[in-house]
Amino acid sequence: MVPARPDELPPPLDTSRRTAAERLHTDPDTVERDLVRLVLTIVELLRQLMERQALHRVDGGDLTEEQEGRLGLTQMFLPDRMQELHERYGLTIEDLNLGLGPLGTLL
């Protein structure tokens, strides 16, 4: 889904009565890819946060060797799985990096 351009919107009668569906231009051909892009953006953000937390916990020494091993294996496999999904849907990491205006980018 992408926001509708102003010329695609019907003339404003009573804007308080228009629904979100009327304000958005959805393209049936790209809706799946757009949804996957949003989901992968969230997954990538969580993956990066989990990676930072794992490193923090390892550095803090509060994990057993077994826990460290599991964390290491998980962190090794996640980027590969993400790459598979990127390739499957024709996305790059740059496609997932949402612009947040004056705050910069998400990833």
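Under a hydrophobic clustering in which Ile, Leu, Val, Met, Phe, Trp and Tyr are joined whenever their side-chain heavy atoms come within less than 4.5 Å, directly or via other members, Ile93 and Leu45 fall into the same cluster. Hydrophobic clustering (side-chain heavy atoms under 4.5 Å, transitive across Ile, Leu, Val, Met, Phe, Trp, Tyr) groups Val39 together with Leu49. When hydrophobic clusters are built by joining Ile, Leu, Val, Met, Phe, Trp and Tyr residues whose side-chain heavy atoms come closer than 4.5 Å, directly or via intermediates, Leu55 is not grouped with Leu73.
The CD atom of Glu87 sits 12.0 Å away from atom CE of Met82, with the distance rounded to the nearest 0.5 Å. Put simply, OG1 on Thr92 and CD on Gln83 are 9.5 Å apart, with the number rounded to the nearest 0.5 Å. The CG atom of Leu98 sits 9.0 Å away from atom CD1 of Ile42, with the distance rounded to the nearest 0.5 Å.
Residues Val31 and Leu35 fail the side-chain proximity criterion, which asks for heavy atoms closer than 4.5 Å. Inter-residue side-chain proximity for Leu71 and Leu63 is flagged as met; some heavy-atom pair is nearer than 4.5 Å.
Taking every heavy atom of both residues into account, Leu106 and Asn97 meet most closely at N-OD1, 3.3 Å. Scanning all heavy atoms of the two residues, the minimum distance from His86 to Leu40 falls at CD2-CD1, 3.9 Å. Heavy-atom minimum distance, Leu96 versus Glu44: CD1-CB, 4.3 Å. Annotation for Gln67 and Asp62: closest pair OE1-O, 4.4 Å, computed over non-hydrogen atoms.
Looking at Thr64 and Glu66, their side chains never bring a donor and an acceptor atom within 3.5 Å of each other.
Here Glu68 pairs with nothing under the salt bridge (charged side-chain N to carboxylate O under 4.0 Å, His left out) rule; sequence neighbours left out.
Here the side chain of Arg47 pairs no donor or acceptor atom with the backbone of Pro79 at under 3.5 angstrom. Judged by distance alone, the side chain of Asp95 and the main-chain N or O of Arg37 form no donor-acceptor pair under 3.5 Å.
For Glu32, the CD atom sits in a loose shell: 12 or fewer heavy atoms of surrounding residues, nucleotides or ligands are nearer than 6.0 Å. For Arg33, the CZ atom is densely surrounded, since the number of other residues' heavy atoms within 6.0 Å is greater than 12.
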